[in-house]
Structures are given as C-alpha cells and as structure tokens.
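Structure first, commentary second.
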Amino acid sequence: MFDINRKISIVIPVYNESESIRFLIEEIIGVMHSNNYLFEVIVVNDGSNDLTFQTLEDLSLEIDELLAIHLRKNYGQTAAMSAGFDNTSGEIIICLDGDLQNDPRDIPKLISNINEGFDLICGWRYERKDKLINRKIPSKIANQLIGLVTGIKLHDYGCSLKAFKKEIIDDIKLYGELHRFLPVLANIEGAKIKEIKVNHRSRKYGSSKYGIDRTFRVLMDLLTVWFMNKFLTRPMYVFGFIGIVSILSSFLISSYLIVIKFLGEDIGARPLLIFALILGIAGVQLFSFGLLGELLMRTYHESQNRPIYRIRKVSQSKK
Ligand code: UDP
Ligand code: MG
C-alpha cells in the first residue's frame, strides 16, 4: 500500500487568481492532512498583476508546507508548471489549476492509482462545467484529433489535474503549450498511463486566461508532438524510405521513356517526363532530409545525454 514516506508535491500555476488561491490551498491542506500524506504545495505565480503576489506571501508565512515561486513576468501555463516541477522534492507530482475548477478531493484517488504501478494518471472531466461553444466542442474535436494522430486515446487531454512519478517529468522538456501533451510525451518515454474520471467545478472567481485562439496553438503543438512521436529515433526509416521509393520510381519511368525514345517516339511533351523529374528531385530531397534528421537526432540525444531507452526497474539478487 501507500508508503507514508513518499513525499507528494502539488504544483499549481497561477495567473491572476488572488481570489481563489486561499480557498484552494486550504482545501488541499485539508485533504492532505486527513490522509496523513507527507506533502508540499508549490504555487507558481506566473507574473500576476493582481493581488496574487501579496496573498501568496501572506499564505507562505502561515502554511509550512507552502512554497511560493514568483516568476518575473507572465510566461504562460506550461512554463509556470515547468518552474514548479523543477523545484519539487517529492516522488509523486500532482498538478492542478489555481482556479478551483479541479477538486482536491480527487487527489487520494490519483495517488492510489500511482501506487498501483501507473506512471501517469490523467483526470477526465466527464461532467465538465464550462461553456459549450467555445470550450467543450473545440475540446472534444481536439481530443479526438490528438487521439487519432498520436494513437493515445484519452477523453480529456486538457484536464490539468494529473498525477505522475517525478522520474517521468525528469525525462521530458516542455515548450510552448506542451503541458497538455504530457501523456503523449510520457508515452514516448515509456510511461504506463491511465485516465480516471474526476470532478469539475465551474469557475467562481476571476476569468479564464484563454480564448478560442488556443485551439490553433494546440493544433500547431500537435504537429510537433506527432513529429517527435514518429520520427524521434529513426528519421531515416521514414524519409529515407520514401526518398528511395521516389528515386527508384523516377528511375523506372525514365528508363521506360528512354526506351520509347529510341523506338522513335517523341517524349518531350509527355506529362510522364515531368512526373519522373519531380519524383527524382523530391526523392533526393527526402533522402537528404532523412540524413539530416539522423544527424539532428544524434545531436538532440547526445547533447543532453539522453539515452535512447528508459529503464523502469533493475533487479538483482543480493547474494
Ligand atoms: N495560467 C498561468 N499562466 C497563464 C495562463 C494561465 O499560470 O499565462 C494558469 C491559471 O491561473 C490557471 C491555469 O493556468 O490556474 C489554467 O488556466 P485557465 O483556468 O484560465 O484555463 P481554462 O480552465 O479556462 O482552460
Ligand atoms: Mg480553469
């Protein structure tokens, strides 16, 4: 069962959430104490320009388990979460939003699933309390699309309430708005993932920081993630293969054209000739792209000392 010595780090990014933050932290402390967890709460103030700074400073004097990190300016949710992850000291990390929309009472459920051996538990806001037109519908489409493209089918990529082992995030670098693709990135690192239903509440204080334009950014991030997922280790397998097929097809078509030219036919005006040329040029380009990709991937892995594998556990008898 749960090892009482495993520390839990709760990470909350906040941008202008001065009204909700006190209630949220009190709720969290209540849940954590009643379960006898060893824990810390890390709140990252993402350059807020309301009273968040002062509220957090006051709270951190009152609450021992609270660590408040103030960023110099507003970097965005992903960066704020990253700053939190980098400063955790627990073995299990829980992240959630600072607007009281996620329910801290779900935390024990997440932790018990981690204790069952999963590396990442994702919340699914199955009764989501947000607007239909600009939230729930774009999000439903985005979830389907992400599932289709990445092969990891979750109902709710956008839910911030997640729990994972610290070692998972150590292997992942987050850029742009990539926090919502954490399950996909974790899957690249070999994580065991599970999605569970969680409670969702409507926003009581403050306002949402995002508009419909987020959908566009999510789509761009999806392209990046798809690319990483597919080509990270062996770009040459994909680009090299298509390149060679193009070059060979171009070669075959050209040979055919040369033969009929010798038989006295005029090939100068044949669309097939243009097709063969395009295939040839595109093939050489794809092939070179594959080679370049290989070089880049080697730099990517070696510059960061990233192994191309991840170990779950090493066992040895103590003889
Ligand atoms: N957030 C942040 N930096 C930003 C935007 C948002 O730290 O630049 C925080 C915000 O305070 C909240 C969480 O990220 O705790 C999710 O934001 P929001 O509730 O606005 O998103 P929604 O629930 O509408 O998707
Ligand atoms: Mg919210």
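Every number for a ligand or one of its atoms is a count from 1 in the order of the listing.
For Lys197 and Glu127, the salt-bridge test fails: no basic side-chain N is under 4.0 Å from an acidic carboxylate O. Electrostatic pairing of Glu91 and Lys166 does not count as a salt bridge here, judged by no charged N lying under 4.0 Å from a carboxylate O. No salt bridge links Asp119 with Lys192; every basic N to acidic carboxylate O contact stays at or beyond 4.0 Å.
Evaluated for a side chain to side chain donor-acceptor pair (under 3.5 Å) with Ser18, the options Asn45, Thr55, Asp50 yield exactly one hit, Asp50.
At a cut-off of 2.8 Å, measuring from the Mg ion (ligand 2), the protein N, O or S atoms that fall short of it are Asp99 OD2, Gln101 OE1, waters left aside.
Considering only residues two or more places apart in sequence or on other chains, Arg214 meets the salt bridge (Lys or Arg N to Asp or Glu O under 4.0 Å) condition with none of them.
Remark: the backbone N or O of Glu19 is not paired with any side-chain donor or acceptor of Lys204 at under 3.5 angstrom.
Protein neighbours of ligand 1 below 4.0 Å, counting non-hydrogen atoms: Pro13, Val14, Tyr15, Glu17, Asp46, Asn74, Gly76, Gln77, Asp97, Gly98, Asp99, Gln101, Arg135, Arg203, Ser208, Lys209, Tyr210, Arg214.
Atom-to-atom distance recorded for Ile107:CD1 and Leu161:CG is 7.0 Å, nearest 0.5 angstrom.
Hydrophobic cluster membership for Leu272: Ile253, Tyr256, Leu257, Ile260, Ile267, Leu273, Phe275, Leu279 (Ile, Leu, Val, Met, Phe, Trp, Tyr linked by side-chain heavy atoms under 4.5 Å, directly or transitively).
Side-chain rings of Tyr126 and His155 stay apart, their centers remaining 6.0 Å or farther from each other.
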